[in-house]
Amino acid sequence: MTPPTVDVHAHVLLPDVESLVAGLPGHAEAKEVDARRNGPAALAVNGPMVRARVPRMTDVALRLASMDAQGVDVQLVSPSPSHYHYWADEATAEKVYRLANEATAAHCASAGPLAGRCAAHAPDTMVPPSTSLDRAGRG
């Protein structure tokens with residue numbers, strides 16, 4: 001038996017998370033800092049690259065077709081780093097990571113195991129993996 005091919009670094013884009021934080025104090029400032037830190041040259045390259053990949057990062061059927069085409073059996077999917085929102089206060093961060101966990105679980109419902117999520121800057125609020133683990137695999 002051949003061991004499965006596992007992609008251990010895949011992201012999902014979660015529009016609901018961005019809707020949650022849009023317009024909150026600190027969000028626009030954080031986006032400006034990101035743009036300055038990345039610089040115009042990187043944004044010119046990364047913008048079109050990410051836009052071209054949005055369908056595979058939001059549509060499960062396209063993700064699975066892409067995995068099949070690449071011979072990938074299992075993918076470990078996590079929210080895009082663009083959803084981390086380190087600028088958020090603890091209450092907002094908890095809403096963000098809970099929504100990110102729920103949205104990631106919904107995205108991956110038929111595609112493999114899930115784990116818990118927490119805001120990296122508020123680790124005491126972590127959802128233990130055992131409370132959100134879904135053992136249904138792609139069989």
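Computed from a predicted model, the values in this text were never measured in an experiment. We count residues from 1, following the sequence as given.
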Checklist entry - Do NZ/NE/NH1/NH2 and the carboxylate oxygens of Arg98 and Glu102 come within less than 4.0 Å? => result no
Any side-chain heavy-atom pair from [X] and [Y] closer than 4.5 angstrom?
X: Tyr84; Y: Val96; result: no
X: Leu13; Y: Arg53; result: no
X: Met67; Y: Asp7; result: no
X: Thr92; Y: Leu24; result: yes
X: His85; Y: Glu18; result: yes
X: His11; Y: Pro79; result: no

Which atom names give the shortest non-hydrogen contact between [X] and [Y], and what distance separates them?
X: Ala22; Y: His27; result: CA-ND1, 4.0 Å
X: Val72; Y: Val74; result: CG1-O, 3.3 Å
X: Val60; Y: His107; result: CG2-O, 2.7 Å
X: Leu62; Y: Pro55; result: CD1-CB, 3.6 Å
X: Pro25; Y: Trp87; result: O-CZ3, 3.3 Å

Could you grab the distance from atom [atom1] of [X] to atom [atom2] of [Y], nearest 0.5 Å is fine?
X: Leu14; Y: Leu20; atom1: CG; atom2: CG; result: 11.5 Å
X: Cys108; Y: Gln75; atom1: SG; atom2: CD; result: 8.0 Å
X: Arg51; Y: Met57; atom1: CZ; atom2: CE; result: 13.5 Å

TODO: Examine distances only and state if a side-chain atom of His83 and a backbone atom of Ala100 form a donor-acceptor pair shorter than 3.5 Å.
DONE: no
Review point. Going by atom types only, do Thr104 and Asn101 share a side-chain donor-acceptor pair under 3.5 Å?
Key: no
Sorted by chain and residue number, the side chain to side chain contact (heavy atoms under 4.5 Å, CB included) partners of Ser66 (sequence neighbours excluded) come out as Arg56, Gln70
Contacts satisfying side-chain hydrogen bond (donor to acceptor under 3.5 Å, both in side chains) that involve residues 29-46 (not counting sequence neighbours) are Asp34-Arg37
So ring pair (Phe, Tyr, Trp, His ring centres under 6.0 Å) across residues 34-70, not counting sequence neighbours, yields none
